[in-house]
Amino acid sequence: MSRYSPAEIEAKWQSAWEESGIFKAQRDAARPKYYVLEMFPYPSGRIHMGHVRNYTMGDVIARYKALTGHNVLHPMGWDAFGMPAENAAMATGGHPKEWTYNNIAEMRAQMKPLGLSIDWSREFATCDPEYYGQQQALFLDMLDAGLVDRKNAVVNWDPVDMTVLANEQVIDGKGWRSGAEVERRELTQWFFKISSMAGDLLESLGDLDNWPAKVRLMQENWIGQSRGLQFSFDMVQDGFDPVTVYTTRPDTLMGASFVGISPDHPLARKLAAERPEIADFRQLCQKGGTTAEELETAEKLGFDTGLTVRHPLDPDWELPVWIANFILMDYGTGAIFGCPAHDQRDLDFCRKYDLPVVATFMPDDCEIAPDSMSDADFANDCIAKVKDESGTHRYFRIAKTAYVPPKDQKVKWINHFAGLKEATGQEAIDTTITFAEEKGWGEGKTQYRLRDWGLSRQRYWGCPIPVVHCSDCGVVPERKENLPVELPDDVSFDIPGNPLDRHPTWRDVPCPSCGKPAKRETDTMDTFVDSSWYYARFTSPHADTPTSAKDADYWMNVDQYIGGIEHAILHLLYSRFFARAMQITGHLPEKSREPFDALFTQGMVTHEIYQTRDDKGRPVYHLPEDVTDGKLADGTEVEIIPSAKMSKSKKNVVDPVNIISAYGADTARWFVLSDSPPERDVEWTAAGAEAAHKFLVRVWRMARDLADQRDAGVGELDKSLQDLMDSMQLGQNPLDDELLRTTHKAIDEVTKSIESFGFNAAIARIYTFVNTINKSQASARVKWTSMRVLAQLMSPMVPHLAEEIWAILGGEALLAKTAWPTPDDAMIQDNTVTLPIQINGKRRAEISVPTEMGKEDVEKRVLEVDAVKKALEGTAPKKIIVVPGRIVNVVI
RNA sequence: GCGGGCGUGAUGGAAUGGUAGACAUACCAGACUUAAAAUCUGUUGGGCCUUGUGCCCGUGUGGGUUCGAGUCCCACCGCCCGCACCA
């Protein structure tokens, strides 16, 4: 072969690896195991550059770990349930199953040419009955263990598609597909009791040292722990229960001006049953969008029930009870007390409904308003009314906005029931909780934002929930011997709604308990369930239980998990919950409570966007391959919009399949690793890809040239770096010594970079190494060995080219089976070191000294340097700082 | 609003508090060529002159700590991300 031909060599080595079976993982107690996992893909049918980057990073780790003596598990599968398959079936009339399995076949065919070191024998799709059957078994065990719940929940209901929609599927209050007005409906749904583990999920974040701090923080915020006080207001009117509220700022209790309850609060429901105007108000609150922005900008609505409650600390003080749309039923107790002086939201509400504003403490710069002023004078200001010792009201101007009490700053209290005069917010909160607990009218409580995980979906293409509804026995779990509850194939999608609902022969079954006619649950599981335990299933993908103990014990945990930051919260939190649940139900060992020892979140692949405008000024996008030098084929100039995530709609996509056929997989792999740190976005540029390719060609040619020299009779060559070191004498040929040192240093630095996920740094180091070998005048023998080390160092990133070079340079076995080279400490250490000399912190000269030279000797040498003498002008320096091996600073 | 992160050449980006700009792209120049492409070699932060082993400036802005700051601290400006009626 006289030309680098990726198509040829990549196919060749891929089949060599396959024949040797080296990527097949088997338990081996003699070697340390290493489980590397990339987040498995949804089978959309096409791989994209993001996949290439994600899987290449995992492959670098997997291959590197294998070369360093680990028994590596590196599996791949498909997150195959979900709506796109059903949408495709509705659009084109096919079947979700067929669509999904076709896509999997296509994607696998696109992925295999990347040469990933994956154990394909473990491949599965979550829509395989073998997989979801075990998921059903797991569900039943969780049900048994009390980790599953069935309760009512308010959902977004699309009345046309007859299904529940996720919040992000509701656009402007309408279903994203049907365009129908979305209703909020209360349905009985299945839930995983994830909130029961909130405290543990939060605390254990502290142990995840090898997770990005950002992800841990996001999870922490999501779980949302808060400490506060729960207590009740007694109702003045007869026949009503006390209203229990939760507050994180009990210290502001004397600033209360109303009690608010959620429209879904039991009291609101009770009142609505009797009073139609309250029923109307509740309905008004249920309308309106559910998206984040709509909720944010929604106007605060309140309804005065006319009822009043007593302040717990002052029986004469009565507060009105309002129903307010901004109070959530599923946080805290669904009821609050409003403290407008110290909470912006409450202030907005009180302004709108003309409720009093009472301050409990003041910032230092607060002014006392003249007594003659009235509320009206402060229409646009936040004012606070305070009862002083004599019982008269005075007004204080506090600020334009509510004065939110700082937790860590001391403030002056105007009126605190536990007698505080000056304290920080936190001290006041703690004091208040203790005070309330001592007096017996309240209780300190820890609250979480995290809610239970609703898993019911009114969908066909998902894992059936394995229970049966019997009119006599109620909800009955399916018997395990009847699993899997398989999805029926004979369904159609021409009518809206869940086909399972209208499939009598599937739906109507005898009750597993009493045998009478009953109905299957027709909801299927959220697809997040499928991805919450697949990592455990990979350890024994064909076991007839969810996992097998031996395999799970050996392979768990995932040593390195790699995926996108977009899964920082839900997928990872759900997986952490499942690992705990699987441990409770005996499917995972104790050590797997946290399933992912290390997590790495990689950045996206981005590309410039090329845009022109049509005659109406609307943007028209162009594919990168249609643009040359900023122009289309017909010469039209395109506007270049800076890099953004590759997306089909913006046409800034580069298809990996095209890149592989043009340059080969190694070029694609090399480029996605080379240009940016792995955690950051990498911009795909045609020039960059071209350059990566040129570099690989150059390395290939260097190996080829060396091989030609051997053929021309250079002589015997060494098998390994060690052999070379053992048989040659250092100090005979300085050029040889130098190249050898460089080789050892390259090994050292590339190893460190790979270990720390610095793939771009490893590649930069390899560039330098190649340039050095290229220019070196060392003997062919040493160059030969350096080149073979180079192949080893490059092999995790560009495995095919590395194997090829290895073979060209006389490698007998597969490079993938060799041991990673180790640097020799003595060779990394230099005998002399160049010390920059600073004068008053500015670099002025440099000297070369023996590495081990003492500080005093270095100082002496420094004082002899011309530049230093000149600067000193005969005087003595104030100070000389010598940082051994680093720098010298002369202070004058 | 709350929380977090980031600002370095024309560009992507390097720099355990110790020579700022590694490595790559792009550009320019040279070699090879009838020519181009490819390949190889070299230059490239800005400014100044006395062209040196020279000097001054330079990591968003302004301060501070330090012998020494891209790095640490404070304030500000800009950008990005996450969360958000959470009581």
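Chain letters run A, B, ... following the sequence lines, proteins first and then strands; every chain starts at 1.
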Problem set entry | Nearest to side-chain heavy atoms of A:Q838, which nucleotide of B:G18, B:C83, B:C85 | B:G18

Seminar exercise, completed: The residue, A:G841 or A:I887, whose nearest nucleotide of RNA chain B is more 5′ is A:I887

Exercise. Which residues, if any, of residues 682-692 of chain A bring a heavy atom under 4.0 Å of RNA chain B?
Worked result: A:A687, A:A691

Exercise. A:L696 CG to B:U39 P: how many Å, rounded?
Worked result: 13 Å

Exercise. How would you label the contact of A:Y767 with the nucleic acid (heavy atoms, under 4.0 Å): base, sugar-phosphate, or nothing?
Worked result: sugar-phosphate

For this session: With syn defined as a glycosidic angle within 90° of 0 and anti as everything else, classify B:G62.
Result: anti

Exercise. Considering residues at least two apart in sequence or located in another chain, which fulfil the salt bridge (Lys or Arg N to Asp or Glu O under 4.0 Å) criterion with A:R886?
Worked result: none

For this session: Determine the interatomic distance between P on B:C57 and the same-named atom on B:A36; round to the nearest Å.
Result: 45 Å

For this session: Please determine if a side-chain N or O atom of A:R449 lies less than 4.0 Å away from the OP1 or OP2 oxygen of B:C83.
Result: no

For this session: Nearest whole angstrom, please: distance from the P of B:U39 to the NE2 of A:H693.
Result: 10 Å

Problem set entry | Pair A:F258 + A:Y353: ring centers closer than 6.0 Å | no

Exercise. Is the phosphate of B:U39, meaning OP1 or OP2, less than 4.0 Å from a side-chain N or O of A:K694?
Worked result: yes

Exercise. Among A:D251, A:T252, A:T247, which one satisfies side chain to side chain donor-acceptor pair (under 3.5 Å) with A:R249?
Worked result: A:D251

Exercise. Mind checking who B:A69 pairs with, Watson-Crick or G-U wobble, both distances under 3.5 Å?
Worked result: none

For this session: Let me know the distance between CD of A:E864 and C1' of B:U53, rounded to the nearest Å.
Result: 17 Å

Exercise. Can you say whether the rings of A:Y4 and A:W700 are parallel (under 30°), tilted (30 to 60°) or perpendicular (over 60°)?
Worked result: tilted

For this session: For residues A:H311 and A:F337, establish whether the separation of their ring centroids is below 6.0 Å.
Result: no

Exercise. Would one find a side-chain N or O of A:R698 under 4.0 angstrom from OP1 or OP2 of B:C40?
Worked result: yes

Problem set entry | Among B:A87, B:G68, B:C86, the nucleotide that comes nearest once only the side chain of A:N889 is considered | B:G68

Exercise. Quick one: is B:A24 close enough that its OP1 or OP2 comes under 4.0 Å of any side-chain N or O from A:N771?
Worked result: yes

Exercise. Partner of B:U19 by Watson-Crick or G-U wobble geometry, both contacts under 3.5 Å, or none?
Worked result: none

Problem set entry | Nearest to side-chain heavy atoms of A:E846, which nucleotide of B:C23, B:U19, B:A87 | B:U19

Exercise. Where the side chain of A:D675 is defined as all heavy atoms beyond and including C-beta, which of B:G12, B:G18, B:C57 is the nearest nucleotide?
Worked result: B:G12

For this session: For A:D748 and A:K752, run salt bridge (charged side-chain N to carboxylate O under 4.0 Å, His left out): C-alpha distance rounded to whole Å, both residues' side-chain angles, the deciding distance at 0.1 Å, then the answer.
Result: CA-CA 6 Å; A:D748 183 49; A:K752 283 179 181 155; 3.2 Å; yes

Exercise. Rounding to the closest angstrom, what is the interatomic distance between B:A14 and B:C40 at atom P?
Worked result: 26 Å

Exercise. Distance check: side-chain N/O of A:R680 vs OP1/OP2 of B:C6, anything under 4.0 Å?
Worked result: no

For this session: Could you check how far CZ of A:R886 sits from P of B:U19, rounded to whole Å?
Result: 7 Å

For this session: Rounded to whole angstrom, note down the P distance from B:G3 over to B:G9.
Result: 30 Å

Seminar exercise, completed: Between CZ of A:R843 and C1' of B:C57 the distance, given in whole Å, is 16 Å

Exercise. Is the distance between the ring centroids of A:F759 and A:F757 under 6.0 Å?
Worked result: yes

For this session: Once you apply the 3.5 Å cut-off to both distances, tell me the Watson-Crick or G-U wobble partner of B:A29, or none.
Result: B:U41

Problem set entry | P atoms of B:A75 and B:C80, separation to the nearest Å | 23 Å

Problem set entry | Whole-angstrom distance between B:U33 and B:G18, as gauged at atom C1' | 49 Å

Got a list of side-chain donor-acceptor pairs under 3.5 Å for residues 832-848 of chain A, not counting sequence neighbours?
residue: A:N840; atom: OD1; partner: A:I892; partner atom: N; Å: 2.9
residue: A:R843; atom: NH1; partner: A:E846; partner atom: OE1; Å: 3.3

Exercise. For the ring pair A:W453 and A:F528, is the centre-to-centre distance below 6.0 Å?
Worked result: no

For this session: Give the nucleotide from the list B:U16, B:C85, B:A87 with an atom nearest to the side chain of A:I327.
Result: B:A87

Exercise. Between the base of B:C85 and the side chain of A:K300, is there a donor-acceptor distance below 3.5 Å?
Worked result: yes

For this session: Among B:C67, B:G4, B:A87, find the nucleotide with the atom closest to the side chain of A:L217.
Result: B:G4

Problem set entry | B:G21 and B:U59, which share atom name C1', separated by this distance in whole Å | 9 Å

Problem set entry | Spacing of A:N760 atom CG relative to B:A15 atom P, expressed in whole Å | 8 Å

For this session: Using a cut-off of strictly less than 4.0 Å, decide whether A:Y331 has a side-chain nitrogen or oxygen near OP1 or OP2 of B:A87.
Result: yes

Exercise. Is A:K352 paired with A:D348 through a side-chain N to carboxylate O contact shorter than 4.0 Å?
Worked result: no

Problem set entry | Among B:G18, B:A84, B:A87, the one nearest A:S226 by side-chain distance | B:A87

Exercise. Starting at CG of A:D264 and ending at P of B:C85, how long is that distance when rounded to a whole Å?
Worked result: 15 Å

For this session: Using a cut-off of strictly less than 4.0 Å, decide whether A:R844 has a side-chain nitrogen or oxygen near OP1 or OP2 of B:C55.
Result: yes

Seminar exercise, completed: Rounded to whole Å, CD of A:E679 lies from P of B:C6 at a distance of 11 Å

Exercise. Can you find a donor-acceptor N/O pair under 3.5 angstrom joining the side chain of A:R345 to the base of B:A87?
Worked result: yes

For this session: Quote, to the nearest angstrom, the P distance that separates B:G12 from B:G17.
Result: 25 Å

Exercise. Hey, is the main chain of A:T244 close enough, under 3.5 Å, to the side chain of A:T333 for a donor-acceptor pair?
Worked result: yes

Exercise. Considering heavy-atom distances to RNA chain B, does A:V891 or A:T768 have its closest nucleotide positioned more toward the 5' end?
Worked result: A:T768

Exercise. Taking the P atom of each, how far is B:A20 from B:C55, in whole Å?
Worked result: 13 Å

